[in-house]
Structure formats: structure tokens, C-alpha cells
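Note sheet for the following structure.
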Amino acid sequence: MKYLALLSTLLPLLAAAAPVANDATDASTLVRRDADTTTVHLDQCSGSPQHYASGMLYGVTGKGGPMQAYLKFAGINYLSSGGAQTATSGWGASVKAYKARFATVVQDANRIHGLGGVQIIKTSDLWGADGTQPGDFPYPGDNGDWTSYDKFIQQLISDIKANGLARDYITQIELWNEPDLGYFWNRSVDQYTQMYLRGTRALRAAFGQGSGAFMPLVGPSTSTRPDPSNDWFKNFLSTLQNNKDAQPDVWNWHMEEGNTNDPVYATSVLKEWLPQYGLTGGIGFQNNEFGTREQQRPGYAAWHAARYEKVQFHALRGNWASGSALRDNLADLLFKDSNGKYHTTGEYQTYKTYAGLTGSPCTTDAGNSVDSYATAGSGTASALVGNSGFTGTANVVFSSISNLGNAAYVKATIKRIPYNNGGEVTMNVQVSTKKIKVVNNQVTVPVNQDNADDAYLVTITPA
Ligand SMILES: *[C@@H]1O[C@H](CO)[C@@H](O)[C@H](O)[C@H]1NC(C)=O
């Protein structure tokens, strides 16, 4: 209720405020605004949208929490889960506890496979190492005994097969979540390495490439990014140098550190490292958790989308909920009121807008903080504009306009995707429509950003 009340008072205010801000002409109140630029190259648009940043860590329960339509319109295409924080523990506690967690994975996989998406099975959550386990919880290979772990992996293999999850490429298996953190791996690196090699080899023997049920193995899923200071990661690469058969199929790390969590930088580091260790990079990269809670707002979400479209690999939004809320609300893209009814946030609208952009993705250039994801087709082009902490004028440049047809002018429409302080947002807000003259085969659409939290959608058509 609180959110609904807030929205009804806010929306008219926001709508009324926009033209005032745009028309400020009193010289005494004019302050020099910061400016930043993102450029859309309309001569470099090809292929079809992949929506690389539309994955999600947990966020659903069973069939109706929340309904499949919410996932569909938000374009959710990857889901990662293993029953973490459900009432039961996992294999480390009992086979029964593991079975209960596995049943949640089957539910989740059916939901995402039903949308044509990919399920990532979080093996460590099935083991019970989800960060809530007690201090004396057993780990694979304790006291040099691998019997239990080997049984666990064989049970997992047979359960995957028995439940119809052994599906070529669209089910993936993560060996262990954030093994560089004591919350998830409270044993030596050496014991981790032995577990990793054992598990990888057993799973690969069951679901190898070309088997008809290739289930890409995802790792090492560190909490930290590839960076020259990351000794854990470099040690992992050294281990694989002598165990090349155990390279991950999908190289994964998380982007939830105290910085912008820019995949472009971390990707360049890993790409430089791999050949130095004689490693190949498998079938690609993944960030199956990205974004701090602070970064979960439209402006940052659109920026992360633009960044993942640049590196072109799949990424999943982090999930900062806990307990039963972990498996609900699409990782906080939605929230529930006291009657249990779901409401959409501004970030949900950002995902929906991103998913709804048809046409071919175009190359875009980032500014210092502003970046965009853009598509073009059928005489129109759109840019979803985000930032990593920018207030001021974001100039959205569309170059090579002739690719949309010969036009002396374009009609440019700006819509705002409000953060609204995390409250309900049901639609994008119209900001302005104006005619802009094409000069040197390009147009610049200035977007006045009063805050960094909102995202913008800029659409142009020849006029
Ligand atoms: C790690 O294990 C020690 C005992 O071996 C235990 O006291 C401690 O609580 C554990 N830490 C975590 C984060 O589980």
C-alpha cells in the first residue's frame, strides 16, 4: 500500500517537473551542466538481439511465484539456482535434504527452459554450502575421503537424467559458487582443487561435448574479477595449466565488488591471461552474478546492459534477497505488497524495455560514464541509455543516419525509466518529442539527466 500511495503522488509531480527543467532560460539560474556522450553507429548494426544482460540468480518459486508472464516480458533468459536458503540443507546434511533442494532446481529449470532459456545448476547449494551452513558442516574430501563427494556427483548425474534436465547446451552445471570466500568454501585451496578436478572429470564423462546432452561446466565462479591483484584466480589458471582437460567450458566470475563492476575491463584481463597459461577459453565467458544492491536501479541496469552487449556474453543479475524472498520477486525486479500482489519496479521496466528493442544491435561508443545499447531496423533506431553515476546532459549521437533512409530531419522521442526510489513503476514516462536537423549525416539528442538513477530510451525516425 505504501508504494501505491507514493506512486500516485509522485507521478503527476514528475510529469509536471520535466518541461520546467528543460525550459530553464533564466540566466541567473543557469548552471553549467556536466556533459557526456554516447554514440550509436547506424552503419554498424547486424544480427539479432541476444539480450546478454537478461539473466537472473534465483528469483522464482514453483509455478506461480511470480507468474511466467513476468519473466517473459522482462526477457529473462538465464536462471541460476540450487535450492539455497530453502528450509532444508543439502547433501552434506542428508540425501533427503539434497533431494528437496534438487526438486527446486527441477522447478526452476522447467520455468526457464519453458521460455527457451538456460538453467545453471548451482552444485554447491545442492551440497548445502550456501553460506548459511553451520561451522562444522562437512566439505567434499574432508580427511582425504572422497567417497561422499563421488556419490553426490553420481547421484546428481542420475537425477539430472531422470528429471529431463540433461538437455544439450541449455542446462549448465556450476562446480562451486565463490570458492574464494570462506562462506562457501571453508577448506584449503588444495582441497578445492581436488574437488574441482574430480567433479569436472566425472560430469564431463557423463555430459561431454558431442554427447547429445552436452552440459557446459561453469567455473571458477569467483567472487572477485580477473585482475592482476587476484592471486586466487592466477593460482587456478596455474593448476589448469597442468590439467588442461579440466578447463571450464564457460569461464565465469562475479561482478559484485566495490567498483563499477565493468565487465569490459575484467574480460580484457582474462583474455590476456588465458593464452599465457596455454588455456583456450572454452565455449565462452559468463558473469552469473553482477551488480551490487546499490547498482540495482534503472540507470545502472541500462549501463550494465550496454557493457554486456559490448563483451557479448551472458550475465545474470545478482540477488540480494534472503530466506524465502531469494526465490521470489525476480531478484527484486518486483516487490510484493501486504496482500501478496506483485508490483513492477523501474528496473523491471528497464529490463522490459531492453527486451523489447527489436531490430539489429548496433555498435555503440561509451562516454566517461554514459553508455547505450541500441538497435535499428525498418526506418527507426532506439538507444537504451544508462550510466555508472552521471548527472548532467547525456548527448546521444546517432551517426550515419542515411542508413535509416534519406532524411533532412528526424523525430526524436525521449522516454524516462524512473527509479522512483525503488517503488512501483508501471510504464516509461514521456519526456519530449522534437524534430532535429540532420547535420553531417548525424543527429545529437541531448538528454537532461537530473539524477543518475533513471534510464532513458531515445527513439529516432526520419521526419
Ligand atoms: C570455518 O570452519 C571453522 C572450523 O573449522 C569454523 O569455526 C568456522 O565457523 C567456519 N567458518 C565458516 C564461515 O563457515
Side-chain angles (χ1 to χ4, degrees), residues 57-58 80-102 104-105 120-153 155-156 173-200 218-227 229-236 239 248 252-259 261 287-294 316 318-327 331:
L57 171 66
Y58 287 99
S80 170
S81 66
Q85 301 190 30
T86 50
T88 64
S89 177
W91 183 273
S94 70
V95 177
K96 195 173 163 221
Y98 151 82
K99 288 269 185 192
R101 285 203 169 179
F102 188 82
T104 70
V105 174
I120 303 160
I121 299 176
K122 291 187 87 69
T123 307
S124 51
D125 288 344
L126 290 170
W127 177 272
D130 62 358
T132 66
Q133 71 277 22
D136 61 355
F137 200 70
Y139 277 78
D142 275 354
N143 308 310
D145 183 355
W146 292 95
T147 322
S148 180
Y149 182 68
D150 290 346
K151 264 195 209 159
F152 167 67
I153 292 296
Q155 184 69 50
L156 180 60
I173 306 175
E174 181 182 76
L175 264 295
W176 206 267
N177 175 65
E178 300 189 346
D180 55 334
L181 287 187
Y183 296 112
F184 302 106
W185 185 264
N186 193 15
R187 293 294 185 270
S188 68
V189 170
D190 182 55
Q191 193 170 329
Y192 165 78
T193 301
Q194 290 186 54
M195 183 275 303
Y196 173 84
L197 295 175
R198 254 183 134 82
T200 295
V218 177
S221 305
T222 46
S223 68
T224 49
R225 64 183 176 174
D227 178 84
S229 68
N230 194 335
D231 291 334
W232 194 102
F233 213 112
K234 285 188 280 189
N235 178 65
F236 180 73
T239 299
N252 174 51
W253 67 94
H254 293 167
M255 295 293 277
E256 295 174 334
E257 295 179 79
N259 52 50
N261 292 307
N287 288 162
N288 69 25
E289 291 182 34
F290 77 84
T292 59
R293 201 189 254 292
E294 284 297 289
L316 288 71
N319 189 332
W320 299 98
S322 57
S324 60
L326 181 68
R327 300 187 64 236

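Atoms within each ligand, like the ligands themselves, are counted from 1 in listed order.
- The line from CG of D227 to CH2 of W253 is 11.5 Å long, rounded to the nearest 0.5 Å.
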Any protein N or O within less than 3.5 Å of an N or O in ligand 1? List each pair with its distance, or say none.
unit_1, atom_1, unit_2, atom_2, d
ligand 1, 2 (O), N186, ND2, 2.3
ligand 1, 11 (N), N186, ND2, 2.8
ligand 1, 14 (O), N186, ND2, 3.4

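- Contacts of D180 classified as salt bridge (Lys or Arg N to Asp or Glu O under 4.0 Å), with partners at least two apart in sequence or in another chain: none.
- In this structure, CD on Q194 lies 13.5 Å from CZ on R187, to the nearest 0.5 angstrom.
- Partners of S221 by side-chain contact (heavy atoms from CB on, under 4.5 Å), not counting sequence neighbours, listed by chain and number: E174, V218, N252, H254, N288.
- With sequence neighbours left out, W232 forms a ring pair (Phe, Tyr, Trp, His ring centres under 6.0 Å) with Y192, F236.
- Contact check on D125 versus R101 returns no salt bridge, with no Lys/Arg side-chain nitrogen under 4.0 Å from an Asp/Glu carboxylate oxygen.
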